[in-house]
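For reference, the structure discussed in these notes is given below.
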Amino acid sequence: MPAGAPEQVVPGLQVIARSDLRYSEPMQALLTAVAYESFGAEISRSGVDWLVMQGDGTLSDPHGAPKDRADARPEIAWGTSDLFREAAPLVPFFAFMLESAGLAWFQSPAAGYDDLAFRRLVDKGVRVTNAHVNSLPIAEFVLRSVLDEFQEAAQWRYLALERRWKIHDWSEVSGSTWVIVGLGGIGTEVARRAQAFGVRVIGCRRHPSPEDPTERTVTPDQLDQVLGLADVVILAAPATPDTDNLVNAEFLRRTKPGSLLVNVARGTLIDDNALIESLDSGHLSAAILDVFRTEPLPGDHPFWSHPSIRVTPHNAAGGVGRFQRQADLFRENLDRYLDGRPLLNDVTDAIAHPARSDPAGA
């Protein structure tokens, strides 16, 4: 079992061992060609026929023989990170899931589940499990990005292009204070790494725990009391009605002058206009943004050209180790599904009833 992955049973869903049911044909499981080529041998199971979606959205068997959509009835779908690459069959993959009447379970490659497609799957009776496999690369991305700003590394890169030898002093992260909003998998991994650099970490979540890797953890209603202490504010909370436009003009006014903002959560957490105004005034020193309200970020968006904004294309989770972690989680959950045991990271109820859910890290 993946470390730290909670067992969750969705209220009202009966867990039935598939081996107890009578099927005239093996079940079909949908995945991408990239996923099958990489992990087919690891996930092979008796009684499971793999339905492979090629890059152009067509279907085949594992050997490449074309498969007619009329004969394709997947019970399981495994989404993998390669779906988010350029020219990947993301749209046809989700469209096929939504039109598949017999689909019973979708394993997502991501932790977030705020996209409407997840709700549509749940509404048609599909169980959805998410994946907390991206926390490590995102935490490394945050550390690298913050160090880049503190050390003013852009100066070295520019001078190297100019072949100029010139030194400069820079700020150390050791002894600085970071406020991390959201202590789920991502926020927790950021906190652990920051502490190793001698950072004072203050966390924010709905339910503080003595196990939090922080010097102090506050609740959301106490956040305004600690924002003014932070040299770095990191957003790692889920997108919910409560976090929509969390970073507004009032939030930014409470931050420490010259502080740095990092968003690896969702673009909806930030009021874009308020952020630009804060940066233009010089109150915030810079903003590191990996997520946006509209993705891809439109070419005419002012974030691209703003001198104090660092734009990356929702790529903080790009560490290649995530692929194996996704396979490990799917293999474990596939065995659980076949045996009728509770699935890891079942977020079906949280998707169906967002108002009463308590997302990890909130």
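Computation of the quantities below employed the complete heavy-atom set of this structure, encompassing side-chain atoms and omitting hydrogens, waters and symmetry-equivalent molecules. The shown structure was predicted, so the numbers you read here are calculated from the model rather than taken from an experiment.
Counting only heavy atoms from C-beta outward, the side chains of Phe292 and Val311 approach each other to under 4.5 Å. Val190 has its side chain within reach of Ile234: a pair of non-hydrogen atoms, C-beta onward, lies under 4.5 Å apart. Between Leu31 and Ile43, the closest side-chain pair of non-hydrogen atoms falls below 4.5 Å. Taking the side chain as every heavy atom from C-beta outward, Met27 and Asp49 never approach each other to under 4.5 Å. With contacts defined as side-chain heavy-atom distances shorter than 4.5 Å, the pair Ile186/Val264 qualifies. Contact of the Arg336 side chain with the Leu344 side chain is registered, since non-hydrogen atoms from C-beta on lie closer than 4.5 Å. Two residues are said to be in side-chain contact when any heavy atoms from C-beta on lie closer than 4.5 Å; Val179 and Val181 meet this criterion. The shortest side-chain heavy-atom distance between Arg216 and Val226 falls under the 4.5 Å cut-off.
Remark: side-chain polar atoms of Ser259 are paired, donor with acceptor, to backbone N or O of Lys256 under 3.5 angstrom. Side-chain atoms of Ser281 come within 3.5 Å of backbone atoms of Ser278 as a donor-acceptor pair (strictly under, hydrogens ignored). A donor-acceptor pair under 3.5 Å links the side-chain atoms of Asp290 to the main chain of His314, judged by distance alone.
Using a 3.5 Å distance cut-off with no hydrogens or angles, the side chains of Glu149 and Ser285 do not pair a donor with an acceptor. Side-chain contact of Gln107 with Thr129: a donor-acceptor pair under 3.5 Å is present, judged by distance alone. Donor-acceptor pairing under 3.5 Å is lacking for the side chains of Asn273 and Glu277. No hydrogens or angles considered: a donor-acceptor pair under 3.5 Å links the side chains of Gln54 and Ser60. A donor-acceptor contact under 3.5 angstrom links the side chains of Thr217 and Asp212, judged on distance only. Between the side chains of Thr32 and Asp82, at least one donor-acceptor pair of N or O atoms lies under 3.5 Å. Using modelled atom types, one finds no donor on one side chain facing an acceptor on the other under 3.5 Å when comparing Gln225 with Gln222. For the 3.5 Å distance criterion, the side chains of Thr219 and Asp221 qualify, holding a donor opposite an acceptor. The closest side-chain donor-acceptor pair between Arg322 and Ser81 falls under 3.5 angstrom. Remark: the Trp178 side chain and the Ser176 side chain contain an N/O donor-acceptor pair separated by less than 3.5 Å.
Note that Arg127 lies outside the cation-pi zone of Phe106, set by a 6.0 Å cut-off to the ring centre and a 45° limit from the axis.
Note on Trp304 and Ile276: same hydrophobic cluster, where clusters join Ile, Leu, Val, Met, Phe, Trp and Tyr whose side-chain heavy atoms are under 4.5 Å apart, directly or indirectly. Taken together through direct or relayed side-chain contacts under 4.5 Å among Ile, Leu, Val, Met, Phe, Trp and Tyr, Leu90 and Val128 form part of one hydrophobic cluster. Taking hydrophobic clusters as Ile, Leu, Val, Met, Phe, Trp and Tyr residues chained together by side-chain heavy-atom distances below 4.5 Å, Leu297 does not share a cluster with Val291. Leu235 and Phe303 fall within a single hydrophobic cluster, where Ile, Leu, Val, Met, Phe, Trp and Tyr are joined by side-chain heavy atoms under 4.5 Å apart, directly or via other members. The hydrophobic clustering, which links ILVMFWY residues whose side-chain heavy atoms are closer than 4.5 Å, places Val34 and Phe84 apart.
Between Trp105 and Phe330, the angle of the ring planes stays under 30°, which puts this pair in the parallel group of the 30/60° scheme.
Comment: Arg120 does not engage Asp123 in a salt bridge, judged by the lack of any side-chain N to carboxylate O separation of less than 4.0 angstrom. Salt bridge status for Asp231 with Arg200: absent, with no side-chain N to carboxylate O gap under 4.0 Å.
To the nearest 0.5 angstrom, Met97 atom CE is 13.0 Å from Ile76 atom CD1. Within the model, atoms CG of Asp115 and CZ of Phe118 stand 6.0 Å from one another, a figure rounded to the nearest 0.5 Å. For the atom pair Met53 CE and Lys67 NZ, the distance stands at 13.5 Å (nearest 0.5 Å). Atom OH of Tyr113 and atom CZ of Arg119 lie 12.5 Å apart (nearest 0.5 Å). The structure places CG of Leu343 at 4.5 Å from CG of Asn333, a figure rounded to the nearest 0.5 Å. Rounding to the nearest 0.5 Å places OH of Tyr36 at 8.5 Å from CG of Asp61.
Taking both residues in full, the closest heavy atoms of Ala327 and Glu42 are given as CB-OE1, 4.3 Å, listed atom of the first, atom of the second, then distance. What you find for Val133 and Arg325 is that their closest heavy atoms are O-NE, 2.9 Å. Among all heavy-atom pairs drawn from Lys124 and Ser100, the shortest one is NZ-O, 2.7 Å.
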Between Gln28 and Val48, is a side chain to side chain contact (heavy atoms under 4.5 Å, CB included) present by the stated rule, with each step listed? CA-CA 6 Å; Gln28 293 182 343; Val48 179; over 6 Å; no
Show your working on side chain to side chain contact (heavy atoms under 4.5 Å, CB included) between Thr255 and Leu261 and close with a plain yes or no. CA-CA 9 Å; Thr255 58; Leu261 178 71; over 6 Å; no
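The side-chain contact (heavy atoms from CB on, under 4.5 Å) test with Cys204 is passed by exactly one of Leu183, Leu223, Ile180: Leu223.
Other residues, nucleotides and ligands place more than 12 heavy atoms under 6.0 Å from the CZ atom of Arg144.
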